[in-house]
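Structure first, then comments.
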Amino acid sequence: MGTFLRARRRLADALAASLIDPLTGLYSERGPQQWAAQLGARAIRNHEPFACVVVMSNTASTPGATGMPVSAALSYLADVCRVQSRKSDVVGYVGESRFAILAPDTNGPGARQFIGRLQKALEMGSSAGEVDPRLGLHAGYCAVSDFSSAGVDVAEVVRRAESALDYVHLQGLGGRPISFDELPLN
């Protein structure tokens, strides 16, 4: 029995250290962290815009609301994020039914366009019968036009995008994406 318990602990440790999330097939939370330094350095060096978009399905707030199992909705959203992102984007599952997309060379309008593509793909999936039509998307983002002069690092950009998503979720704004810059000052 002790051998099996040790093997189980080692497996759990290996999965925790993995860069790939076994449920979604996307990067785990560690994946975007690994890429963040490289993407941020490039954006600083080239004075490029940089954005982070964080999304979650509405099933995260009301499990079973769409009639789909949460894991099916999560897998479907993972596929949509993967297909709609660019090759230069880093898409990761960051837990709590949330996906973070690091988008180098992307400004605010580009982040909104990306969110629009995600929403349109979900709508097309529901009209084709692939997914329950009640499956919706909550989105928050943070984008800077020149990362070198922004005075923040990538981790802060991600934190700000998560704050914007939290605001959308708490205020019940549904499909309206919010930028961190649009949040009311407290």
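Only heavy atoms go into these numbers, but all of them, side chains included; no hydrogens, no water, no symmetry mates.
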Got a sec, which pairs hit salt bridge (Lys or Arg N to Asp or Glu O under 4.0 Å) with one end in residues 169-185, sequence neighbours left out?
-> R176-E182
Using the salt bridge (Lys or Arg N to Asp or Glu O under 4.0 Å) rule, collect all pairs that involve residues 45-54, keeping only residues at least two apart or in two chains.
-> R42-E48
Polar side-chain atom of T106 near backbone of P104 as donor-acceptor pair, under 3.5 Å = yes
Is there a donor-acceptor pair under 3.5 Å between the side chain of R98 and the backbone N or O of V55?
-> no
Taking side chain as C-beta onward, heavy atoms only, is [X] less than 4.5 Å from [Y]?
| X | Y | value |
| --- | --- | --- |
| H138 | V54 | no |
| Q119 | P177 | yes |
| L74 | Y93 | yes |
| C81 | L118 | yes |

R112 side chain to Y141 side chain, donor-acceptor N/O pair below 3.5 angstrom | yes
Got a second to check how far [X]'s [atom1] is from [Y]'s [atom2], nearest 0.5 Å?
| X | Y | atom1 | atom2 | result |
| --- | --- | --- | --- | --- |
| L183 | Q171 | CG | CD | 9.5 Å |
| Q84 | L122 | CD | CG | 9.0 Å |
| L39 | D105 | CG | CG | 11.0 Å |
| M56 | S97 | CE | OG | 6.5 Å |
| F180 | C52 | CZ | SG | 12.5 Å |
| N107 | D146 | CG | CG | 11.5 Å |

SB check D89 R82 (cutoff 4.0 Å) = no
Hey, is E156 close enough to R159 for a salt bridge, meaning N to O under 4.0 Å?
-> yes
Take the angle between the ring planes of F147 and F50 and call it parallel below 30°, perpendicular above 60°, tilted in between.
-> tilted
Residues passing the side chain to side chain contact (heavy atoms under 4.5 Å, CB included) test with Q113, sequence neighbours excluded, are none
Note: G140 and A164 closest approach over all heavy atoms is CA-CB, 3.8 Å
V168 and A139 have their tightest heavy-atom pair at CG2-O, 3.4 Å
Run the numbers on V90 and I101 for side chain to side chain contact (heavy atoms under 4.5 Å, CB included), then give the verdict.
-> CA-CA 6 Å; V90 175; I101 300 95; over 6 Å; no
